[in-house]
Amino acid sequence: QVQFVESGGGLVQPGGSLRLSCTASSSIFSLYVMGWYRQSPGKQRDVVARISRDGSTDYADSVKGRFTISRDNVKKTVSLQMNSLKPEDTAVYYCNKVVSPSTWGQGTQVTVSS
């Protein structure tokens, strides 16, 4: 299957920012609708942002106005700029294609705490 590798997580204070990156192994990456997902302990994995092949975006209500998803089809990467972070944003963040998702990778931990 296609592989996705996430990076960029870390510890940040409330109100701070982080930028996550996802690198894909697929030669047809540009055809995928891509998404960022997150999962916190004891909860379901939820989509937080999606981006289509032409760059159209969609966001979960909980992150609208704070997060921005983008993609680079040459580098085969997807990024998630996270601003005004809140403690409830704490989770492991994953990227994957939205249609027929591949095997989930390791994800990257984001911790928002004082």
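Annotation: side chain of R66 is in contact with side chain of S84 (closest heavy-atom distance under 4.5 Å). Looking at I69 and V78, their side chains come closer than 4.5 Å, going by heavy atoms from C-beta outward. Using a 4.5 Å heavy-atom threshold, the side chains of P14 and P87 count as touching.
The two atoms that bring V33 and R71 nearest to each other are CA-NH1, 4.4 Å, heavy atoms only. Taking all atoms of both residues into account, the shortest heavy-atom contact from N73 to F29 is OD1-CE2, 3.4 Å. The two residues R53 and S30 make their nearest non-hydrogen contact at CB-O, 3.2 Å. Nearest heavy atom pair, residue Q109 against residue T90, reads OE1-CG2, 4.1 Å.
No donor-acceptor pair under 3.5 Å is formed between the side chain of S79 and the backbone N or O of S21. Checked by atom type and distance alone, the side chain of T108 pairs as donor or acceptor with a backbone atom of G9 at under 3.5 Å. Looking at Q39, its side chain never comes within 3.5 Å of a backbone N or O of D46 through a donor-acceptor pair.
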* To do: Apply the test side-chain contact (heavy atoms from CB on, under 4.5 Å) to residues S62 and R38: give CA-CA distance (whole Å), side-chain angles for both, the deciding distance (0.1 Å), then the verdict.
  => CA-CA 12 Å; S62 59; R38 67 186 181 188; 3.4 Å; yes
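Residues Y32 and V5 do not share a hydrophobic cluster, clusters being chains of Ile/Leu/Val/Met/Phe/Trp/Tyr side chains in contact below 4.5 Å. Side-chain heavy atoms closer than 4.5 Å link hydrophobic residues (I, L, V, M, F, W, Y) into clusters, and following such links, possibly through other members, connects V12 to M82. Tracing side-chain contacts under 4.5 Å through hydrophobic residues (I, L, V, M, F, W, Y), one reaches F4 starting from I28; they form part of the same cluster. Residues V110 and V92 fall into different hydrophobic clusters, defined by Ile, Leu, Val, Met, Phe, Trp and Tyr side chains chained together at heavy-atom separations under 4.5 Å. By the rule that hydrophobic residues join a cluster once side-chain heavy atoms approach within less than 4.5 Å of another member, L18 and F67 end up as members of one cluster.
Using modelled atom types, one finds a donor on one side chain and an acceptor on the other under 3.5 Å when comparing S102 with Q1. A donor-acceptor pair shorter than 3.5 Å cannot be found between the side chains of D72 and T77.
A salt bridge does not link D89 to K86: none of the charged nitrogens lies less than 4.0 Å from a carboxylate oxygen.
If you take CD on E6 and CG on N96, they are separated by 8.0 Å, rounding to the nearest 0.5 Å. Atom CZ of R19 sits about 5.5 Å away from atom CD of Q81, to the nearest 0.5 Å.
When each of Y94, W104, Y93 is tested with Y37 by the rule ring pair (Phe, Tyr, Trp, His ring centres under 6.0 Å), just one qualifies, namely W104.
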